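These figures come from a predicted structure and were not determined experimentally. Throughout, a chain's letter reflects where its sequence line sits, starting with A, and its residues are numbered from 1. These numbers come from the heavy atoms of this one structure, side chains and all, not from hydrogens, waters or symmetry mates.
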There are 2 protein chains.
Amino acid sequence: MTNARALAHPAREEIRVEGVLHALSDPIRLRIVRQLAGAADELACSRFELPVSKSTTTHHFRVLRESGVIQQIYRGTAKLSGLRTEDLDTLFPGLLSSVLGAADLQAKRLGED
Amino acid sequence: MTNARALAHPAREEIRVEGVLHALSDPIRLRIVRQLAGAADELACSRFELPVSKSTTTHHFRVLRESGVIQQIYRGTAKLSGLRTEDLDTLFPGLLSSVLGAADLQAKRLGED
DNA sequence: CTCGTAGTACGGTGAATCTCGTACAAGTGG
DNA sequence: CCACTTGTACGAGATTCACCGTACTACGAG
């Protein structure tokens, strides 16, 4: 009963660095990823306050999932998302954390957050 | 006399992490950057063997320059390109090297180079 | 069963991107 | 001056992308 609908994820070996960089190069997706990195658990899509419509939000989460940055599972009506930290660290050591660090530094520098 | 034509570069503070990630997310540009990282000096555009036309090559070098990843100067008929390692390391410590490391690992894993 | 919430699917629009070929500019060497 | 090398400018075509609204599905609560 835990799951009816399944979601397609790339296997670890299928994750490409160009795809990951492309996924992270969009401001909204980078914001999602930063928020996920700051959370202890997985988060439902509805927990994000994004300046775009629901359909666009779905689109961005799909890009992140298909590029291998996040994994998603259904739980009730919600869909929980979490970073694929272990897979990414194995494939590309240090990449995720330096991107997150760079984004944090830039946010601090520009007075955003 | 060293230079007639000048090229527009973003100042260090204008470099955005999204722009850098976007620039690096194209396979051809990533290849250029890896080759630049492996070179001791700056390289002329003509030193790159890329599977695209001359005009497309110009386009990719411009994207890299305008995003702040490389700097370029004219020298005779050639245009020399080099990574902006210092600026990038200051703004985003570790980012460039982890991207290069990730690209190397992936190239090794996929048997390309 | 009905209602509300969470998210998807679909179709469409406008902008950006990658690509090319052709024509041109700038410098070097004969 | 002329030829050659290097790279640019200028369209132009094809693709991708971000975004939206509307209609729909899936699930949980009452």
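- Of the side-chain N and O atoms in A:Thr56, one or more sit less than 4.0 angstrom from OP1 or OP2 of D:dC20.
- The side chain of B:Thr77 places no N or O atom within less than 4.0 Å of a non-bridging phosphate oxygen (OP1 or OP2) of D:dT5.
- In this structure, A:Ser55 does not reach the C:dG7 phosphate: none of its side-chain N or O atoms is under 4.0 Å from OP1 or OP2.
- Across all strands, B:His59 comes closer than 4.0 Å to base atoms (heavy-atom distances).
- Between D:dA18 and A:Arg29, a contact under 4.0 Å exists linking OP1 or OP2 to a side-chain N or O.
- Side-chain contact check for B:Ser98 and A:Ser98: at least one donor-acceptor pair (N or O, by modelled atom type) lies under 3.5 Å.
- Taking every side-chain heavy atom of B:Asp26 into account, C:dC18 is the closest of C:dT8, D:dT8, C:dC18.
- Side-chain proximity of B:Val52 to the nucleotides D:dC20, C:dC20, C:dC18 is greatest for C:dC20.
- Of the candidate nucleotides D:dT6, C:dC20, D:dT8, D:dT8 has the atom lying nearest to any side-chain atom of B:Tyr74.
- In this model, no donor atom of one side chain and acceptor atom of the other lie less than 3.5 Å apart for A:Gln71 and A:Arg84.
- Distance from the side chain of A:Thr58 is smallest to C:dG7 among C:dG7, D:dC19, C:dC18.
- In the set D:dT8, C:dG27, C:dA6, C:dA6 carries the atom at the smallest distance from any side-chain atom of A:Ser46.
- Contact check, B:His60 against C:dT17: no side-chain N or O comes under 4.0 Å of OP1 or OP2.
- Once rounded to the nearest 0.5 Å, the distance linking NZ of B:Lys79 with OG1 of B:Thr58 reads 6.0 Å.
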